[in-house]
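Note: hydrogens, waters and symmetry copies are ignored here, and every other heavy atom, side chains too, is used.
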Amino acid sequence: MKRKTIILVASVVLGFTACDKEVNLNLDSTSPQVVIEGVVSNEAAYVRITKTINFAAQNIYPGTDGAKIYIKDSNSNHTDTLHAAKDQNGNAVYKATALKGVAGHTYQLTVFLNGKTYKATSRMPQKVPLQGLSTENSSTSQSLKVFVLLPVFDDPKGIKNYYRFEQYVNHIQDSHINVFNDELEDGLPNVLPVVIDNANVKVGDSITVTMMDIDKNVYQYFYQLSLNSQITNLSPANPVSNISGGALGYFSAEYRQTKSIVVNKL
């Protein structure tokens, strides 16, 4: 029986719960699949294309050159052509020269690669101001190997909002997936913590958190990705992509804000 190739397994924060599990899967070899990571933010726009690897292979995802990539702002009808560059690992990453996202605008991604066409659409939400980070009620858990802190922001009332967070300890990115929605907290100050896998956070450490206002499809992608870490008896499936044409991955128009804090007590 043919089994699926999984591109990522990660830890998860759902509400106030967290877990950190090692998942061992018995997966057959499969043909590599295209993985597209596309982002348009208020800061920049880029697309990274890789291919999946067999589960037993080394954890190196080969980059893909030779694509033609366009991002169109549906509100202004401006189309930007992305140009190939190299990331720190020497893999291809395609960057826009001038395009920066605007809140409320919808963006269309088109990728031509090896005779195939991949498309996606994402709308950038309005900015929800990130006021800061609080360690007032932060804590560490050696049993769960996590550290938590609170992003400070007020959710807008009457609007469905979705949030994703990236977190860094002393400028090193943490792998924990943090995604929130306001289904139970609409119009209220945020009470959901960002969880960091590193339980060895110390007084004096610098923590940086980037908050991304994202659309529903991107939220569902990362939410499903986070759920994979909770599956024990069944092989987790790849998250549903918002990219058509058969690629894995996602395309996100997102408003990004970054705050940093120095841990002064635990």
Side-chain angles (χ1 to χ4, degrees), residues 7 33-50 64 67-85 92-113 116-130 151 153-166 177-183 185-187 190 210-226 238-258:
I7 61 172
Q33 288 182 269
V34 171
V35 182
I36 296 174
E37 176 196 0
V39 171
V40 177
S41 78
N42 52 305
E43 299 174 347
Y46 69 87
V47 174
R48 183 175 286 109
I49 304 177
T50 56
T64 300
K68 293 183 178 180
I69 302 177
Y70 307 93
I71 296 178
K72 178 181 178 181
D73 183 330
S74 296
N75 294 73
S76 67
N77 286 322
H78 171 76
T79 299
D80 204 330
T81 301
L82 278 63
H83 301 281
V93 57
Y94 298 81
K95 297 182 178 180
T97 54
L99 177 64
K100 292 185 180 180
V102 178
H105 284 209
T106 298
Y107 296 88
Q108 297 176 338
L109 169 70
T110 304
V111 176
F112 299 104
L113 177 66
K116 294 186 177 181
T117 302
Y118 307 97
K119 293 187 176 183
T121 300
S122 182
R123 181 181 183 275
M124 183 185 291
Q126 295 295 330
K127 172 185 176 182
V128 177
L130 176 62
F153 64 91
D154 295 324
D155 181 80
K157 186 174 179 58
I159 301 173
K160 291 184 178 180
N161 294 99
Y162 305 91
Y163 308 97
R164 184 168 80 88
F165 297 84
E166 291 176 349
I177 296 176
N178 290 279
V179 288
F180 305 163
N181 67 50
D182 63 352
E183 183 176 352
E185 304 293 335
D186 180 47
N190 176 56
T210 296
M211 182 173 88
M212 288 154 276
D213 301 298
I214 58 177
D215 68 18
K216 183 178 181 179
N217 288 334
V218 176
Y219 167 81
Q220 290 177 332
Y221 175 88
F222 281 96
Y223 178 77
Q224 291 171 15
L225 189 63
S226 69
N238 287 312
V240 176
S241 174
N242 65 341
I243 301 173
S244 67
L248 304 176
Y250 68 96
F251 174 57
S252 177
E254 57 194 39
Y255 199 98
R256 299 172 64 94
Q257 300 167 83
T258 299

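A distance of 4.5 Å separates CD of Q257 from CE of M211, quoted to the nearest 0.5 Å. With rounding to the nearest 0.5 Å, the separation of CD in E254 from OG1 in T210 is 9.5 Å. Here the CE atom belonging to M124 is positioned 11.0 Å from the CG atom belonging to N75, to the nearest 0.5 angstrom. In this structure, CG in D182 is found 12.5 Å from CG in D154, a value given to the nearest 0.5 Å. Between the CG atom in L99 and the OG atom in S76 there is a gap of 8.5 Å [rounded to 0.5 Å]. Atom-to-atom distance recorded for K119:NZ and I36:CD1 is 12.5 Å, nearest 0.5 angstrom.
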Take V47 and L109, measure what side-chain contact (heavy atoms from CB on, under 4.5 Å) needs, and give me the verdict at the end.
-> CA-CA 9 Å; V47 174; L109 169 70; 3.8 Å; yes

Show your working on ring pair (Phe, Tyr, Trp, His ring centres under 6.0 Å) between Y250 and F222 and close with a plain yes or no.
-> CA-CA 9 Å; Y250 68 96; F222 281 96; 4.9 Å; yes

How far apart are the C-alpha atoms of T121 and T106, what are their side-chain angles, what is the distance that settles it, and do they pass the side-chain contact (heavy atoms from CB on, under 4.5 Å) test?
-> CA-CA 7 Å; T121 300; T106 298; 3.4 Å; yes

Step by step, work out the side-chain contact (heavy atoms from CB on, under 4.5 Å) result for V179 and Y162.
-> CA-CA 8 Å; V179 288; Y162 305 91; over 6 Å; no

Y46 and E37: CA distance, side-chain angles, deciding distance, side-chain hydrogen bond (donor to acceptor under 3.5 Å, both in side chains) verdict | CA-CA 8 Å; Y46 69 87; E37 176 196 0; 3.1 Å; yes

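Of the possible donor and acceptor atoms, one in the side chain of S241 sits under 3.5 Å from a partner among the backbone N and O of G249. The closest donor-acceptor contact from the side chain of D186 to the backbone of K160 lies at 3.5 Å or more, if one exists at all. A donor-acceptor contact shorter than 3.5 Å is absent between the side chain of Q224 and the backbone of N238.
For the residue pair A120 and N242, the shortest heavy atom distance occurs at CB-O, 3.4 Å. The two residues L82 and Y94 come nearest to each other via the heavy atoms CD2-O, 3.5 Å. Annotation for I177 and S226: closest pair CG2-CB, 4.0 Å, computed over non-hydrogen atoms. In this structure, H83 and T97 approach most closely via the heavy-atom pair CD2-CG2, 3.6 Å. Heavy atoms only, all atoms of each residue included: P151 and L130 are closest at CB-CD1, 4.1 Å. Heavy atoms only, all atoms of each residue included: N42 and K100 are closest at O-CD, 3.7 Å.
When only modelled atom types and interatomic distance are considered, Y70 and Q108 share no side-chain donor-acceptor pair under 3.5 Å.
In this structure, V128 and N161 have side chains that are in contact, with non-hydrogen atoms separated by less than 4.5 Å. Taking the side chain as every heavy atom from C-beta outward, N77 and K72 approach each other to under 4.5 Å. Annotation: side chain of I49 is in contact with side chain of I69 (closest heavy-atom distance under 4.5 Å). The side-chain heavy atoms of N190 and D155, taken from C-beta on, include no pair separated by under 4.5 Å.
By the side-chain hydrogen bond (donor to acceptor under 3.5 Å, both in side chains) test, H78 pairs with no residue at all, sequence neighbours left out. D215 meets the side-chain hydrogen bond (donor to acceptor under 3.5 Å, both in side chains) test with S122; sequence neighbours excluded.
Y107 has its ring centre no less than 6.0 Å from the ring centre of F251. In this structure, F165 has its ring center closer than 6.0 angstrom to the ring center of F180.
Between Y163 and F153, the ring-plane angle classifies as tilted under the 30° and 60° cut-offs.
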